[in-house]
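Below, chain A is the first sequence line, B the second, and so on; all start at residue 1. Treat the numbers as computed from the prediction; the structure is a model and nothing was measured.
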Amino acid sequence: TVGAVARDKQGNLAAATSTGGMTAKRYGRIGDSPIIGAGTWADNESCAVSATGHGEYFIRYHVAADICSRMKYQQVDVKTAGDAVIHGVLKDAGGTGGVIIVDHKGNVHMPFNTEGMYRASRVEGGETEVAIYQD
Amino acid sequence: QGKFAIAIHGGAGTITRANLNDEQEAAYKAKLDEAISAGYAILADGGSSSDAVIAAVQIMEKSPLFNAAKGAVYTWEGEHELDASFMRGDTLEAGAVAGVKRIASPIALAREVQEKSVHVMLSGVGAEQFAEQQGFEFVDNKMFDTDHRYQQLQDAKAKIMESEQPEQQAWQQLDTKYKYG
């Protein structure tokens, strides 16, 4: 699964996710990627999220929208919201994967609870950061 | 007053240094750098976040390294079924497609659904009918083939068929590398 989230100079957020799903899937199975709220979400009042992982769990816990709702209604920052869902709610349920998040101020957070996640980010005025593993 | 910013991912899972050699790691990092740079350039030029995320995703869709479009995993039947979604934060408008087989860039079709239809998600044959109406070019499903994904399919099917458990339980026992890209 691949995805991107961004905040532009006008302050508008957007999120996009694209995937081939899971190996050997049958019965027209789809995962979280095309489910708005589970694998993809964007709201200028909070954040934009794209997810990758075991999609059924992301659907059950509407992961992408949950992170943004926590920011919006609990007034917590992007790291607090992202970590609570990925390392708390999702992991406790047995779900694995990760998300990329950019908030309404341009802060980036990329939490995941697997061994690795292919990821990169760049914030205005900063350098490109590319990483794969936990450390 | 915030900053413009972009982040991308190319999948998560059982990715360790033992699983990737130096050459593979360099290839992934180079493609990630290419994708993030393309999106960042759009933002730096005053472009929209929508254009930036689509540009970044399309670079990864074209790469055989990632599980999307070219490089997508195989279904049980040996085909590729692709899903994509797009959402903008200023209007909360969204578009998504599920189970399309002949669209070179599913993320482009998801954006088209958001911009040109009254619906949010279209699936399968219907999504491709919509794509045809919008003038999308169709490609052969085999265009998404890669040898390493085909081998993953054979491995996964063998493990499922060897299991004495019902299929759903057998599938749950598979390593995470089969569950997502």
Practice prompt. Could you tell me whether the side chain of A:Arg7 and the main chain of B:Lys3 form a donor-acceptor pair under 3.5 Å?
Written response: yes
Discussion item. Starting from B:Ile42, can I reach B:Val53 by hopping between I/L/V/M/F/W/Y residues whose side chains sit under 4.5 Å apart?
Written reply: no
Practice prompt. Check each atom of B:Gln58 against the heavy atoms of chain A and say whether the ones under 4.5 Å are side chain, backbone, both or neither.
Written response: neither
Worksheet, complete the sentence: What one should report as the nearest heavy-atom pair of A:Ile36 and B:Ser85 is CD1-CB, 3.8 Å
Discussion item. Please classify the contact of A:Val5 with chain B as side chain, backbone, both or neither, using a heavy-atom distance under 4.5 Å.
Written reply: both
Worksheet item: Is B:Met121 reachable from B:Leu109 through a run of hydrophobic residues whose side-chain heavy atoms are each under 4.5 Å from the next?
Response: no
Worksheet entry | Side chain, backbone, both or neither of A:Thr128 within contact of chain B (heavy atoms, under 4.5 Å) | side chain
Item to complete: Let me know if B:Ala35 has heavy atoms under 4.5 Å from chain A in its side chain, its backbone, both or neither.
Response: neither
Worksheet, complete the sentence: Most heavy-atom pairs under 4.5 Å with chain B, out of A:Ser33, A:Gly11, A:Gly125, belong to A:Ser33
Item to complete: Compare every heavy atom of B:Ala5 with every heavy atom of A:Gly106, then report the nearest pair and how far apart it is.
Response: O-CB, 3.5 Å
Worksheet item: Can you check whether B:Glu81's main-chain N or O pairs, donor with acceptor, with A:Lys25's side chain at less than 3.5 Å?
Response: yes
Item to complete: Supply the atom-to-atom distance A:Asn44 CG to B:Arg88 CZ, rounded to the nearest 0.5 angstrom.
Response: 9.0 Å
Worksheet item: Looking only at heavy atoms, which two atoms of A:Ser121 and B:Ile36 are closest? And how far apart?
Response: CA-CD1, 3.6 Å
Fill in: CZ-OG1 distance between B:Phe86 and A:Thr17, expressed to the nearest 0.5 angstrom
11.0 Å
Discussion item. Counting only heavy atoms not in B:Asp147 (residues, nucleotides, ligands), do more than 12 fall under 6.0 Å from its CG?
Written reply: no
Discussion item. Which heavy atom of B:Asp83 sits nearest to which heavy atom of A:Ile30, and what is that distance?
Written reply: OD1-CG2, 3.8 Å
Fill in: Greater than 12 external heavy atoms within 6.0 Å of B:Asn21's CG
yes
Worksheet entry | Min side-chain heavy-atom separation B:Thr75-A:Arg29 under 4.5 Å | no
Worksheet item: If you count heavy-atom pairs under 4.5 Å with chain B, which of A:Gly39, A:Gly31, A:Ala14 comes out on top?
Response: A:Ala14
Discussion item. Working note: A:Val99 + B:His9, criterion side chain to side chain contact (heavy atoms under 4.5 Å, CB included); need CA distance, chi angles, decisive distance, verdict.
Written reply: CA-CA 8 Å; A:Val99 294; B:His9 69 75; over 6 Å; no
Discussion item. Please report the interatomic distance CZ(A:Arg122) to OG(B:Ser37), rounded to the nearest 0.5 Å.
Written reply: 7.0 Å
Worksheet item: Hey, are the side chains of A:Thr114 and B:Thr14 touching, using non-hydrogen atoms and a 4.5 Å cut-off?
Response: no
Item to complete: Give the cluster check for A:Val108 versus A:Phe112: same hydrophobic cluster or not, with ILVMFWY residues linked at side-chain heavy-atom distances below 4.5 Å.
Response: yes
Worksheet entry | Spatial distance of atom CG (B:Leu20) from atom OH (A:Tyr118) [nearest 0.5 Å] | 4.0 Å
Discussion item. When you group the ILVMFWY residues by side-chain heavy-atom contacts below 4.5 Å and let the links chain together, are B:Ile107 and B:Phe66 in the same group?
Written reply: yes
Discussion item. Less than 4.5 Å to any heavy atom of chain A: does that hold for the side chain of B:Arg111, its backbone, both, or neither?
Written reply: neither
Fill in: Heavy-atom neighbours of B:Lys157 NZ exceed 12 at 6.0 Å
yes
Discussion item. Return the CD to CZ distance between A:Glu124 and B:Phe4, rounded to the nearest 0.5 Å.
Written reply: 4.5 Å
Fill in: Any donor-acceptor pair under 3.5 Å from A:Asp43 side chain to B:Leu92 backbone
no
Worksheet item: For atom OH of B:Tyr150, is the number of surrounding heavy atoms from other residues, nucleotides or ligands below 6.0 Å larger than 12?
Response: no
Discussion item. In this structure, would B:Val120 and B:Ile54 fall into the same cluster of hydrophobic residues linked by side-chain contacts under 4.5 Å?
Written reply: no
Discussion item. Quick check: do B:Tyr28 and A:Ile132 have side-chain heavy atoms less than 4.5 Å from each other?
Written reply: yes
Item to complete: Enter the distance from A:Tyr133:OH to B:Thr16:OG1 here, rounded to the nearest 0.5 Å.
Response: 7.0 Å
Item to complete: Check B:Gly47 against A:Asp8 and note the closest heavy-atom contact, atom names and distance.
Response: O-CB, 3.5 Å
Worksheet item: Which heavy-atom pair separates B:Ala68 from A:Ser18 by the least distance, and what is that distance?
Response: CB-O, 3.5 Å
